[in-house]
Amino acid sequence: WDGNVLYHPDKELFGKPLSDSMTAAATTRTATELAYSDPDGSSWKASIVPATCEIGDQLGWSLVTRITPAEANEARNN
């Protein structure tokens, strides 16, 4: 599993590698949440789930979404 971005609204991120912790979690294809930091020092919360459709299963894909810690706290408080 390569652990690269296949889609992102910011086209500059296409093909870039995921963080090591996200790659490790996505490789296991089990749903998980984790916190990580980008190389620029910004903090994120990530949710990783296996893509369970036929092609997702065949290719071993996982879906990764991320939000800032502030966004995660706001969602929990509402």
Got a sec, which pairs hit salt bridge (charged side-chain N to carboxylate O under 4.0 Å, His left out) with one end in residues 3-24, sequence neighbours left out?
none
What is the distance from atom NZ of Lys45 to atom OG1 of Thr65, rounded to the nearest 0.5 Å?
13.0 Å
With a sphere of 6.0 Å drawn around CD of Glu54, does it hold more than 12 non-hydrogen atoms of other residues, nucleotides or ligands?
no
List for me each residue that meets side chain to side chain donor-acceptor pair (under 3.5 Å) alongside Thr30, sequence neighbours excluded, and say none if there are none.
Thr28
Going by side chain to side chain donor-acceptor pair (under 3.5 Å), name the residues that satisfy it together with Asp57, two or more places apart in sequence or in a different chain.
Arg29
Write down the atom of Pro69, the atom of Ser43, and the distance for their closest heavy-atom approach.
CD-O, 3.3 Å
For Val49, the hydrophobic cluster (side chain heavy atoms closer than 4.5 Å, chained through members) also holds Leu63
Output for pair (Trp44 CH2, Thr68 OG1), nearest 0.5 Å, gives 6.5 Å
Reported CE-to-OH distance for the pair Met22 and Tyr36, which is rounded to 0.5 angstrom
3.5 Å
Is there any salt bridge (charged side-chain N to carboxylate O under 4.0 Å, His left out) pair reaching into residues 60-75, and which pairs are they, with sequence neighbours excluded?
Asp38-Arg66
Partners passing side chain to side chain donor-acceptor pair (under 3.5 Å) against Ser21 (at least two apart in sequence or in another chain):
Ser19
Of the non-hydrogen atoms in Ala26 and Ser62, which two are nearest, and what is the gap between them?
O-OG, 3.2 Å
Please tell me if the side chains of Asn4 and Leu18 come closer than 4.5 Å, counting only heavy atoms from C-beta onward.
no
Correct closest heavy-atom pair for Phe14 and Tyr7 would be CD1-N, 4.4 Å
Report the residue from Thr23, Thr27, Val64 that forms a side-chain contact (heavy atoms from CB on, under 4.5 Å) with Ile48.
Val64
Does Leu6 form a side chain to side chain contact (heavy atoms under 4.5 Å, CB included) with Trp61? I'd like the steps, not just the answer.
CA-CA 10 Å; Leu6 298 178; Trp61 285 356; 3.9 Å; yes
